[in-house]
Amino acid sequence: MNEKIENITRHISTLTDKSTAIEKVMDAEDTSFLKSYKNIKERAQCTLQDPELLSGALIDVAKHLGNLKFRVWEKMLGMVQYTPVVLDPNTAAPWLSLSDDLTTVSFTDTKHKCPDNSERFSKCVNVLGSEGFTSGKHTWEVKVGNKSAWDIGVVEESISRKGDITCSPESGFWVLMLRDGDEYRVAEVTDLLTLKRKPHSIRVQLDYDRGKVSFFDSSDMSLIYTFTDIFTERVFPFFSPYLNNDGINDGPLQICPVKVSVTVMSSH
């Protein structure tokens, strides 16, 4: 660009010099001007070419403006995340801390000042998802890490939230539980489950219409357990990071984002 500017500047200077010289001759007497006319005519000829149009100098309007809204949205997919379930802070027990994006829950030793609304768990360290379901299939994944205790699953909207809780289908809880690092149960009074490995991420799959809640090890999608029941009311995702136990069960539960993709369908 600097080189082209310099060339243009030289051309302008040359034309200016020619114009000045011709003006001086034209101011001379008629006889002198006529004698030097041939020479003036030759000097007045301009051999400069029109500026060269560089390849690609034109803006590719179709490329930049065609399907503009779609292309902007497509580029935004790499910048945003979608989480199929977010937490409801109005249901969180006072000892729980939620992340700003409402996807992570941790136990704290401090009891926070919270309104004692009817939706909130007041004794057990639980929190619900913000959206309940009355039909359809729904899936979310929870990163549990190396925690030694937690509860994950779905519960009925009408469950008790103010007193002691018994996690069982009879009480409206379809929940997978971990205690003492390696004891997995699906209710507080059932036998232990046998797992091939300690999962660090659990996938919860709800099929409301078929009355099923299934839990998978996300690393290989091996089935851990499936509840089969009949749902009669709205159910909500359920989470409990459990107590910290002097640092033994430190760490949060995190709802994992899912990858968003674009599918272009033909209009034919």
Output all residues satisfying side-chain hydrogen bond (donor to acceptor under 3.5 Å, both in side chains) with S171, sequence neighbours left out; order by chain, then residue number.
S168
According to side chain to side chain donor-acceptor pair (under 3.5 Å), does anything in residues 87-100 pair up with another residue at least two apart or in another chain? List the pairs.
S99-D101
With no hydrogens and no angle check, is any side-chain donor or acceptor of D207 less than 3.5 Å from a backbone partner on K212?
no
Might you point out which heavy atoms bring T83 and C256 nearest each other, and give the distance in Å?
CG2-O, 4.0 Å
What are the two closest heavy atoms between L176 and F215, and how far apart are they?
N-CZ, 3.6 Å
Carefully, step by step, assess F231 and W174 under the rule ring-ring contact (aromatic ring centres under 6.0 Å, His included).
CA-CA 11 Å; F231 301 125; W174 296 269; 5.0 Å; yes
In this structure, are over 12 heavy atoms from other groups packed under 6.0 Å from K137 atom NZ?
no
What pairs of residues pass the salt bridge (Lys or Arg N to Asp or Glu O under 4.0 Å) test when at least one of them lies in residues 113-134, not counting sequence neighbours?
D116-K162, K123-D164
Taking NZ, NE, NH1 and NH2 as the nitrogens, is one of them in R197 or D217 under 4.0 Å from a carboxylate oxygen of the other?
yes
Taking side-chain contact (heavy atoms from CB on, under 4.5 Å) as the definition, give me every residue that meets it alongside D250, ordered by chain and number, with sequence neighbours left out.
N244
Sorted by chain and residue number, the salt bridge (charged side-chain N to carboxylate O under 4.0 Å, His left out) partners of R161 (sequence neighbours excluded) come out as none
For residues 140-147, which side-chain donor-acceptor pairs fall under 3.5 Å, sequence neighbours excluded?
{"from": "E141", "atom 1": "OE1", "to": "R203", "atom 2": "NE", "distance (Å)": "3.3"}
{"from": "E141", "atom 1": "OE1", "to": "R203", "atom 2": "NH2", "distance (Å)": "3.0"}
{"from": "E141", "atom 1": "OE2", "to": "S201", "atom 2": "OG", "distance (Å)": "3.2"}
{"from": "N146", "atom 1": "OD1", "to": "H200", "atom 2": "NE2", "distance (Å)": "2.7"}
{"from": "K147", "atom 1": "NZ", "to": "P241", "atom 2": "O", "distance (Å)": "3.1"}
{"from": "K147", "atom 1": "NZ", "to": "N249", "atom 2": "O", "distance (Å)": "3.0"}
{"from": "K147", "atom 1": "NZ", "to": "N249", "atom 2": "OD1", "distance (Å)": "3.4"}
{"from": "K147", "atom 1": "NZ", "to": "G251", "atom 2": "O", "distance (Å)": "2.9"}

Pairing residues for S222 by the side-chain hydrogen bond (donor to acceptor under 3.5 Å, both in side chains) criterion, not counting sequence neighbours
D220
Whichever hydrophobic residues join I159 through chains of side-chain contacts under 4.5 Å
F121, L128, V155, I165, F173, V175, M177, F236, F238
Those residues at least two apart in sequence (or on a different chain) that pass side-chain contact (heavy atoms from CB on, under 4.5 Å) with S158 are E156, E233
Could you see if V258 belongs to whatever hydrophobic cluster contains I255? Use Ile, Leu, Val, Met, Phe, Trp, Tyr and a side-chain cutoff under 4.5 Å.
no
Check the surroundings of atom CZ in R210: do more than 12 heavy atoms from other residues, nucleotides or ligands lie under 6.0 Å from it?
no
Restricting to pairs with a member in residues 170-180, which pass salt bridge (Lys or Arg N to Asp or Glu O under 4.0 Å), not counting sequence neighbours?
D151-R179
Transitive ILVMFWY cluster of F216 at side-chain heavy atoms under 4.5 Å: who else is in it?
M221, L223
Listed partners of Y225 passing side-chain contact (heavy atoms from CB on, under 4.5 Å), at least two apart:
V186, L193, F227
Under 3.5 Å donor-acceptor, T108 side chain and T110 backbone:
yes
Would you check if V235 and L206 make a side-chain contact, meaning some heavy-atom pair closer than 4.5 Å?
yes
